[in-house]
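Heads up, the thing below is written out as structure tokens.
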Amino acid sequence: MARTKRYWLFKSEASAFSIDDLAAAKDETTPWDGVRNYQARNLLRDEIRKGDRVLYYHSNSRPTGVAGVARVVRDAYPDATQFDPASRYHDPRSPQDAPRWLCVDVAFVRKLPRVIELSELKANPALADMMVTRRGARLSIQPVTKAEYETVLAMV
DNA sequence: GCCAACGTTGGC
DNA sequence: GCCAACGTTGGC
């Protein structure tokens, strides 16, 4: 019996890696690397599984909001960038034999015809409990309920 | 570019 | 183990 599919919101700065960059990537797939927050790491390790759906959120962008949909295509595995001295995500304190940081692979599903902006998310009463609409919600990987996921995608 | 919020670090 | 200092995030 397969595990029930779950839903997430992944933040990415559009100038760094946008939904268009994901669509243009080889196999339309990329490692979601560079996560350097323990709470987010624990979600990757313990909760997020292949087959889960992802709201692709452009942070620090104009506009800021949900720009597309992706899906998780590989369970968590060690993030190679932590051992790469040339990477901005290099972590010299992460032990080789017990990697501190993990990543999953995500694949492009679709780009929304328009960005569902943060202001709209905040204005929708059905999304009042959604983490991204809350003040100071900086977590780059956030859990989303199925209802929230469907509500957001219906706002296009 | 500003700055509030928040996570991490490190001295004690 | 506390907590001030510091760095980063991210909306605006």
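Reminder, nothing fancy here: chain letters follow the sequence lines and each chain counts from 1.
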Yes or no on side chain to side chain contact (heavy atoms under 4.5 Å, CB included) for Ile116(A) and Leu55(A), after CA distance, side-chain angles and deciding distance? CA-CA 11 Å; Ile116(A) 313 300; Leu55(A) 295 175; over 6 Å; no
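- When each of Arg138(A) and Arg93(A) is assigned the nucleotide of DNA chain B bearing its nearest heavy atom, the one mapping closer to the 5' terminus is Arg138(A).
- Between Thr81(A) and His90(A) there is no side-chain heavy-atom pair separated by less than 4.5 Å.
- Salt-bridge check for Arg134(A) with Asp129(A): passed, with a basic side-chain N closer than 4.0 Å to an acidic carboxylate O.
- Note that the first and last nucleotides of DNA chain B, 5' to 3', having any atom under 4.0 angstrom from a heavy atom of chain A are dA5(B) to dG10(B).
- When every heavy atom of Ala128(A) is checked against every heavy atom of Thr133(A), the shortest pair comes out as O-OG1, 3.7 Å.
- The residues Asp79(A) and Arg36(A) are annotated as salt-bridged, a charged nitrogen and a carboxylate oxygen being separated by less than 4.0 angstrom.
- Of the residues in residues 119-137 of chain A, those placing a heavy atom less than 4.0 Å from an atom of DNA chain B are Arg135(A), Gly136(A), in numerical order.
- Smallest separation of non-hydrogen atoms from Ala40(A) and Leu139(A): N-CD1, 3.9 Å.
- In terms of heavy atoms, Thr4(A) sits closest to Asp52(A) at O-OD1, 4.5 Å.
- Paired with Phe10(A) under the rule ring-ring contact (aromatic ring centres under 6.0 Å, His included), one option of Tyr56(A), Trp32(A), Tyr57(A) passes, and it is Trp32(A).
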